[in-house]
Structures are given as structure tokens and as C-alpha cells.
2 protein chains.
Amino acid sequence: MDSREQILQKSAEAKELYLPHISVDPVVFGFDQNELKVLLVRMNYKKQWLLPGGYVRRDDDLDEAVVRVLKDRAGVTEVFLEEFGVFGRKNRSQLYFDEFDDTLFQKQRFISVGYYALYNSSEIYPVADDVSEACEWVYLRQLPEIVLGMDHREIIEKALLTLREKISTKPIGYNLMPEKFTLPELQKLYEAILGKSLNRGNFYRKIKNLNVLKKLNEQRYVGAHRSPDLYSFDMENYEKALENGLNNW
Amino acid sequence: MDSREQILQKSAEAKELYLPHISVDPVVFGFDQNELKVLLVRMNYKKQWLLPGGYVRRDDDLDEAVVRVLKDRAGVTEVFLEEFGVFGRKNRSQLYFDEFDDTLFQKQRFISVGYYALYNSSEIYPVADDVSEACEWVYLRQLPEIVLGMDHREIIEKALLTLREKISTKPIGYNLMPEKFTLPELQKLYEAILGKSLNRGNFYRKIKNLNVLKKLNEQRYVGAHRSPDLYSFDMENYEKALENGLNNW
DNA sequence: GCAAAAGTGTTCTTGGTACACCCATGA
DNA sequence: TCATGGGTGTACCAAGAACACTTTTGC
């Protein structure tokens, strides 16, 4: 079955199952090699990259819909998810399926609800669903070079801005870092999200004064240099600290 | 024509004109008598208060839809508007029209997009449309006493939280205060939004150091006390200051 | 020992907080 | 002249920025 037939078949199913005109688009962030990355899919049908979005079942809460979509389209579970914006321009989505006629479910006007998601299991590789030929992590650094469909570049940019705003009130560090990590690694995450470099000494003191980390009795071997200490989050203090907001970065 | 017939008639029109399953709910804030108030309507049909929400025309951008809805339902124009959240629980709206059958447009499931709006013309009174018996400002203080339909209390609460978060990055002062105002009045606005009292001396110095106000050569007569100076916003500096965020309150 | 990265300490400055004092006004 | 609220000054303290110094590691 070619991608065209596949799309027509999905359309028929979708009309029964999903609410019209509403979609969800999760922007899944990961942190790897000291860089931020996002999860994208490339459809069989067109060679553009897209967010792994989907539709809302008639009997789904909106928040449940995103969870289901992420699982079905990318095999991703256990993520922190939060709504960050709505994308409702009237011609934002219809053009993508321009070669089909207007009865196609996927071709109608969609108002899309953006969710950002944080995913900390760098080892697990996402799996593409049957309408996608690829489902891959793309580093933010690489985004300018690739072709993104619809308004998904704009959605990703707003998601990143939201991360930046929420860095002091949401468990972003906890959800993007692995179980154990070093302070220089955590600092790189903050720098990646904030888009600026931070002073090491000040970062250390600030993060330590917050009392949200537990120092472990281990170091990470990093080759020809001093081995940095490993830390993990002290969840109790971490959540308490987030309630009041951490500090200003 | 009674309210029942009216609703049935609207339903027929709506099916042509509007996207199904999507609504917008503006939370219009005003500041008056040193207190925050919100704009609510009471429908002819049920005696509950609701936000002056509405639907999205098939040829409207989402952002245009809210503007139109506010104009049609409350006669309100010239407001600052910004999306702040989506309300998508599956049974949030259907119950309101429970006595009608399921073909009624208004009774379907709606995912609603919340917008907060800032309105600074305290003299102009809102006008109700033909499906509402009232369109009134309600002080936040009075909200606990009144009956709000659907999940609109929750929507208002989230709007208020959003105001609080954005107080340093959005022109909230400018859009809620009249052209000319005194520093004590501005302080009351900040206190109302933040839900806590601020030290007068510190507030004065802080706001003045921001250089966003122009001191006018006038005072306001306030009776038996010293006449406070009048100020207005210096738009150029104000917008510049908002880009970096004002300060932390 | 040297280079490079991790970790710690010190100093300066800024900005917030608390509070005191003076000013203006009408009763 | 007193009470009340507006306007300003000051002193203290905490937190941030900049930068220097020490420690650890492999070569």
C-alpha cells in the first residue's frame, strides 16, 4: 500500500473516531551530548519533517489525547507534558495535503494545541508509526537546515520560549537530566535552554544553595581532567523549591 | 420569542457559520475603585453567569474570533487580548444545555481557548446581546457569591494566575489604568493582581527607577489629604522595559 | 610539570526590605 | 493642631556578577 492509499484509509477511520478541526502537537525535548533536541517525524507522503501530532478522540480529554498520540506515533511514554499555546491561523494546515480533495479528514482546517514534553531517557530510541518513514531526534542546532511542514517551526520556537520562561517553576531539570549527572552537565542544560552562557562559579553556588541536589559518592570519569562529582535530584526539596520558584537565571 | 426558541434558532445558524467543537472564552479584566473586576454575562436561558464566550467562524483566524465575539456579545472593542490556556476536559460544556437534545449546536462538546483581556475604559458600560439578559462587571471579591456555569470559575482563576505571571512582561499596567493615574492607584493594581500588599516607599522607588512613567503637572484631588501627583505612561520607555521584563514583584 | 576542567573563595555592587521622617490637606 | 495619606531618605541585608585561586586528572 502506497502512502496515498494509506492516507485515504486513515481519513475514513478518522472521521468516526476524532473530533474535527482540532489537533494536538507535542514538542518533545531531550538533552543529549550537552545539546537540546526535539523529536520529529518524516511522513511517507511528503518529505518534510513534522511534529508527531495527532487528533483528539471524541471520548478523550484533551490532555489524554496527547499522551495517546505520543505513544502511537513515536512509542514515547512517561513524559512530562504541558500545554503551552494554541495555533489557530485559518490556513495553517490545509496546504500540506494539497493534492488530495477537500473531503480528506487530514486536509480540513485544524486548530492545534501545542504541548511541550520533556523526555530524559536518552538510550531509548523512538519508533516511527506506519504513516511515517522516520521518527528521529533532531538537535536544535540542525533545525535551520531541515524542511519543516506547516507552521511547525513556529510551534517549536514558542515551545522553547516557554521552556525558558518556566525554567524556574517547572521540573525541567529533573525531567531532562538522567538519574545521575554532574554539575557541568546541568549547567549546559541551563545554558541550552536560556541561550546564553553562565558563570560556572555562580552556577555552582546558586544551585547548591537551593538544596535540591543530593551529592552522590561517585564521580564521572571524563578522561584527561578532574572527575566531576555526580548528583541526583532530591525530589522532596526540589518540588518544595519549585512552588516558590527557583531563582532568576 | 422565549429563550428556548432563541437558542434553537441560534443553533441552526451556527451549524453553517462556525467550526464545531471549538469555542473561545475571553476573561475581560477591568480595574475600578481600586479593585479588579471581570466581565460576565447572564444568559436568558439559565440564571448562571458565564464568560462572554463564542464560536469560531469557519473563515476566522482564532485571534480574530475573540475580537468579534467580544464586540458582539458585550460591545467591547479596543482591548489587549492574549491567549492563556485551553480547557479540554471531555464533559466540561455539554451539561449546560441539558434540557435540549443532542443535535443542538451549543450542546456539543467544546474545547475552549481562554483569552485574557485588559480593558481600561471604566466609563463605558458593556451592553448585553440578545441571548443575554445582563452583561456586567463583577468584582473579583464578589465571585465567590455568584453561580458560574460550566468550568468558567476555573478559567477565570487561571486567567488571574496568568496576569500575575505576566505582570513584568506584558503591558498590563498600561492597559488597565486610565490615561492619568496616581502612584497609589497603580500600587493598588499591582496589589490586586499579586494578591499581596506592597511597601509604599519601595514601590515608589522601584517604579520610578524603571523610568516608564511621566510625571504630569497635575495632582488628583482626594479630599482631606495631600493631593497625589498624576502620572501617565511613557510608552517608548515602557515598551523597551517590557522587553527585558520589568522587575520581580 | 603542564594543560584543562572541576570546584571553592572573595570582593564588589545591586537591589530588596524595613522603617523613619517630612509634607500637604481638610476637619 | 491633629489625623491621614502622599512622598522621600536611609540603613541594612541578601543575592548576583566578576574573577581569582586551588584541586584533580591524564599526558
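In what follows, chains carry the letters A, B, and so on, assigned in the order in which the sequence lines appear, proteins first and then strands, with residues in each chain numbered from 1. Predicted model only: the values in this text are computed from it and were never measured.
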Sub-4.5 Å side-chain heavy-atom contact between A:Val222 and A:Thr182: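 Side chain of A:Val222 against side chain of A:Thr182, heavy atoms only: no contact under 4.5 Å found.
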A:Leu163 side chain reached by A:Leu118 side chain, heavy atoms, under 4.5 Å: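 They are in side-chain contact.
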Step-by-step side-chain contact (heavy atoms from CB on, under 4.5 Å) determination, A:Thr77 to A:Leu70: CA-CA 7 Å; A:Thr77 56; A:Leu70 262 183; over 6 Å; no
Worked check of side-chain hydrogen bond (donor to acceptor under 3.5 Å, both in side chains) between A:Asp63 and A:Tyr115: CA-CA 9 Å; A:Asp63 287 347; A:Tyr115 281 75; 2.5 Å; yes
Plane angle bin for A:Phe233 and A:Tyr174 - parallel if under 30°, tilted between 30 and 60°, otherwise perpendicular: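 A:Tyr174 vs A:Phe233 ring planes: perpendicular.
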Geometric class of the B:Tyr119/B:Trp137 ring pair [parallel <30°, tilted 30-60°, perpendicular >60°]: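 Aromatic pair B:Trp137/B:Tyr119 classed parallel.
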Sugar-phosphate, base or nothing in reach of A:Asn209, heavy atoms under 4.0 Å: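 Here A:Asn209 touches no strand at all.
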B:Glu185 and B:Arg220: CA distance, side-chain angles, deciding distance, salt bridge (charged side-chain N to carboxylate O under 4.0 Å, His left out) verdict: CA-CA 11 Å; B:Glu185 287 162 2; B:Arg220 169 154 4 258; 2.8 Å; yes
Range on DNA chain D touched by chain A - first to last nucleotide, heavy-atom distance under 4.0 Å: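 Using the under 4.0 Å cut-off, the span is D:dG16 to D:dG26.
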Identified side chain to side chain donor-acceptor pair (under 3.5 Å) partner of B:Tyr231 from the options B:Lys180, B:Glu218, B:Lys208: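 The residue from B:Lys180, B:Glu218, B:Lys208 that satisfies side chain to side chain donor-acceptor pair (under 3.5 Å) with B:Tyr231 turns out to be B:Lys208.
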Single hit among A:Tyr204, A:Phe203, A:Phe181, A:Phe31 for ring pair (Phe, Tyr, Trp, His ring centres under 6.0 Å) with A:Tyr190: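 Running ring pair (Phe, Tyr, Trp, His ring centres under 6.0 Å) over A:Tyr204, A:Phe203, A:Phe181, A:Phe31 with A:Tyr190 returns exactly one hit, A:Phe203.
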Nucleotide C:dA5, atom P - distance to CD of A:Glu185 in whole Å: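 Those two atoms, CD and P, are 14 Å apart.
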Verdict with supporting geometry, A:Ile146 and A:Leu143, side-chain contact (heavy atoms from CB on, under 4.5 Å): CA-CA 6 Å; A:Ile146 69 171; A:Leu143 279 187; 3.9 Å; yes
Phosphate contact (C:dG7 OP1 or OP2) by A:Lys208 side-chain N/O below 4.0 Å: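 For C:dG7, neither OP1 nor OP2 has a side-chain N or O of A:Lys208 closer than 4.0 Å.
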For DNA chain D, the residues among residues 219-227 of chain B that have a non-hydrogen atom under 4.0 Å from it: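 B:His225, B:Arg226 - these, ordered by number, are the residues of the stretch whose heavy atoms sit under 4.0 Å from the strand.
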Contact state string [nucleotides 12-21 of chain C, B base, S sugar-phosphate only, - no protein heavy atom under 4.0 Å]: ----SBBB--
